[in-house]
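What follows is a short report on a single structure.
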Amino acid sequence: GPWGGGSGGQQPPDLEEMLRRGQDRMKKFMPSGVGGGKRISLLAIAAAVVWLLTGFYIVQPDEKGVALVFGKIADITLPGLNYNWPTPIGTVLRPKVTRVNRAQVGFRTGADNRSSVGSRSVAEESLMLTGDENIIDVQFVTFWVIKDAEKFLFNIRNPEVTVQDASEAAMREIIGKNEFEFARTNGRVRIQGEVKDLIQTILDDYGAGIEVSNVELQKIDPPGNVLDAFRDVQAARADKERAINEGQAYLNEITQRAEGEAAKILNEAEGYKQEKIAVAKGEADRFLSVLEQYKNEKDVTRRRIYLETMRDVLGGMDKVLIDNATGSGGSGVVPYLPLPEIQRRRQSAAPAAGGS
């Protein structure tokens with residue numbers, strides 16, 4: 001088209017050649033008696049008919065027809081057979097509205113824009129400054145389609161260059177708001193979405209009639225001349241993280257062990273506490289029961305307590321105490337044979353006899 005956009009505009013036919021051919025053909029069919037003026041009129045009419053027939057055009061399924069008359073839009077036509085005034089009165093532009101176009105930023109591939117063979121880096125486009133003042137190498141592709149054929153053809157001069165420049169400007173702005181490490185690791189998906197929205201905003205402000213379908217990051221790494229140093233930094237950072245993780249694991253182990261010991265001590269203390277409380281409660285209950293019995297039978301209780309006390313005091317003695325037999329008239333002393341003493345003497349004498 002005359003504005004550098006669209007495709008498929010018809011070339012104006014060679015009218016002189018058409019008239020000459022028409023005259024030759026008409027001479028074959030015209031009677032020899034027809035005058036020269038009338039013959040010219042018939043040739044002119046035939047030429048006009050042929051010229052009008054050239055106004056038919058076909059719009060393919062992936063295209064949209066924009067019919068112009070004297071350079072002004074006369075109609076927007078759909079796929080199929082259509083008609084417009086022939087050239088030079090009318091012109092038809094047929095942009096492909098369903099084709100997905102690509103704008104490469106930071107690199108260039110082959111002529112088909114699909115093969116990675118022969119890809120080359122474009123440093124003036126790919127090197128960008130991050131929010132923490134680091135340089136990063138970014139390569140990406142913007143995918144776009146024609147949304148409004150009229151705006152696409154007449155509002156921008158070079159759509160491909162416009163999309164590429166808008167994509168580069170949007171990526172530089174978004175990269176400049178994020179830190180280096182975030183941009184190359186966890187922030188890739190978010191950056192792609194933000195760049196896509198910003199490109200669409202820029203193109204809508206231009207009235208470009210273009211819809212951005214996707215932004216795909218191909219590469220987002222440190223510049224090539226510092227890549228080795230960056231890898232060393234990454235290795236050191238990985239060693240640091242490993243040491244931190246090992247220290248944390250040891251801390252967790254020691255802490256859990258100490259917590260287990262503390263819990264064990266607390267459980268033992270709680271058990272000892274409950275034991276002492278139970279013993280004290282038992283002693284208190286026993287005392288209360290004895291007190292209750294003492295209130296009912298003081299003499300019996302007093303003697304029982306006395307006997308139990310004497311049993312506890314004299315229970316470990318090897319002597320036998322005999323109470324006086326009252327009312328028998330005798331002394332009440334029963335001869336005592338010290339059997340435990342005799343047994344000890346026999347046991348001590350046995351080793352001596354065996355040695356001799």
Side-chain angles (χ1 to χ4, degrees), residues 126-140 170-198 214-295 301 304-305 307-317:
S126 63
L127 296 181
M128 303 180 184
L129 191 65
T130 63
D132 52 356
E133 299 183 353
N134 286 310
I135 297 177
I136 194 169
D137 190 0
V138 182
Q139 297 179 0
F140 66 100
M171 181 61 75
R172 289 188 182 278
E173 179 174 342
I174 299 302
I175 288 294
K177 295 179 180 179
N178 292 278
E179 295 184 355
F180 176 87
E181 194 62 28
F182 175 78
R184 63 176 297 273
T185 54
N186 300 330
R188 293 174 65 99
V189 175
R190 197 181 82 177
I191 287 175
Q192 289 180 161
E194 292 180 355
V195 171
K196 175 179 176 293
D197 295 339
L198 185 55
N214 191 24
V215 172
E216 184 176 311
L217 281 169
Q218 303 292 316
K219 174 184 176 183
I220 181 164
D221 291 319
N225 53 356
V226 297
L227 188 57
D228 293 337
F230 179 79
R231 288 173 178 170
D232 293 338
V233 172
Q234 292 297 103
R237 186 172 297 170
D239 292 340
K240 173 186 175 182
E241 294 295 331
R242 179 178 55 81
I244 292 175
N245 293 334
E246 291 177 353
Q248 187 65 37
Y250 179 73
L251 173 64
N252 294 336
E253 179 183 358
I254 296 301
T255 302
Q256 292 175 0
R257 186 182 303 170
E259 290 176 351
E261 294 293 336
K264 178 182 177 182
I265 293 173
L266 290 175
N267 291 334
E268 292 177 352
E270 185 66 23
Y272 180 77
K273 169 186 173 182
Q274 296 299 329
E275 178 185 359
K276 290 301 180 181
I277 292 176
V279 171
K281 187 174 182 304
E283 292 292 336
D285 293 341
R286 178 175 176 276
F287 178 80
L288 292 176
S289 64
V290 171
L291 178 62
E292 188 66 24
Q293 295 176 5
Y294 180 76
K295 290 180 180 180
T301 302
R304 182 173 66 81
I305 293 174
L307 293 176
E308 289 177 354
T309 302
M310 295 302 296
R311 181 193 63 191
D312 295 338
V313 173
L314 303 177
M317 297 178 62

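We count residues from 1, following the sequence as given.
Of all non-hydrogen atoms in Ile191 and Ile174, the two that sit nearest each other are CG2-CG2, 4.1 Å. Listed here is the closest heavy atom pair of Arg172 and Leu127: NH1-O, 3.0 Å. In plain terms, the two heavy atoms of Ile136 and Asp221 that are nearest each other are CG1-O, 3.4 Å. The heavy-atom pair separating Asp137 from Pro222 by the smallest distance is CB-O, 4.1 Å.
A salt bridge does not link Glu261 with Arg257: none of the charged nitrogens is closer than 4.0 Å to a carboxylate oxygen. A salt bridge is defined here as a Lys NZ or Arg NE, NH1 or NH2 lying under 4.0 Å from an Asp or Glu carboxylate O, and Glu308 with Arg304 meets this definition. A salt bridge is absent between Arg188 and Glu216; no separation between the charged side-chain nitrogens and carboxylate oxygens falls under 4.0 Å.
Looking only at distances, no side-chain donor or acceptor of Gln139 sits under 3.5 Å from a matching main-chain atom of Leu217. Of the possible polar contacts, one joining the Asp132 side chain to the Phe180 backbone as a donor-acceptor pair under 3.5 Å is found. Panel note: side chain Arg190, backbone Ala183; no donor-acceptor pair is recorded below 3.5 Å. A side-chain donor-acceptor contact under 3.5 Å links Asn267 to the backbone of Ala263. When atom types are taken as modelled, the side chain of Asn245 and the backbone of Glu241 share a donor-acceptor pair closer than 3.5 angstrom.
Side chains of Asn252 and Gln248: a donor-acceptor N/O pair is present below 3.5 angstrom, by distance only.
To the nearest 0.5 angstrom, Tyr272 atom OH is 11.5 Å from Ile277 atom CD1. Considering CD of Glu268 and NZ of Lys264, their distance stands at 5.5 Å, rounded to 0.5 Å. Taking CD from Glu194 and CD from Glu173, the interatomic distance works out to 10.0 Å, rounded to the nearest 0.5 Å. Taken from CG in Leu307 to CG in Asp312, the straight-line distance is 11.0 Å, to the nearest 0.5 Å. The OH atom of Tyr250 sits 4.0 Å away from the CD1 atom of Ile254 when rounded to the nearest 0.5 Å. One distance of note links CD1 of Ile220 with CD of Gln192; it measures 9.0 Å at 0.5 Å rounding.
Within a 6.0 Å sphere centred on CD1 of Ile135, other residues, nucleotides and ligands contribute 12 heavy atoms or fewer.
Contact check for Met171 versus Val138: side-chain heavy atoms found under the 4.5 Å cut-off. Put simply, the side chain of Lys281 reaches to within 4.5 Å of the side chain of Asp285, judged on heavy atoms. Counting only heavy atoms from C-beta outward, the side chains of Glu133 and Glu179 never approach each other to under 4.5 Å. Considering only heavy atoms from C-beta on, Glu181 comes within 4.5 Å of Arg184 through its side chain.
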Take Ile244 and Lys240 through the side chain to side chain contact (heavy atoms under 4.5 Å, CB included) test and state the conclusion after the steps.
-> CA-CA 6 Å; Ile244 292 175; Lys240 173 186 175 182; 3.9 Å; yes
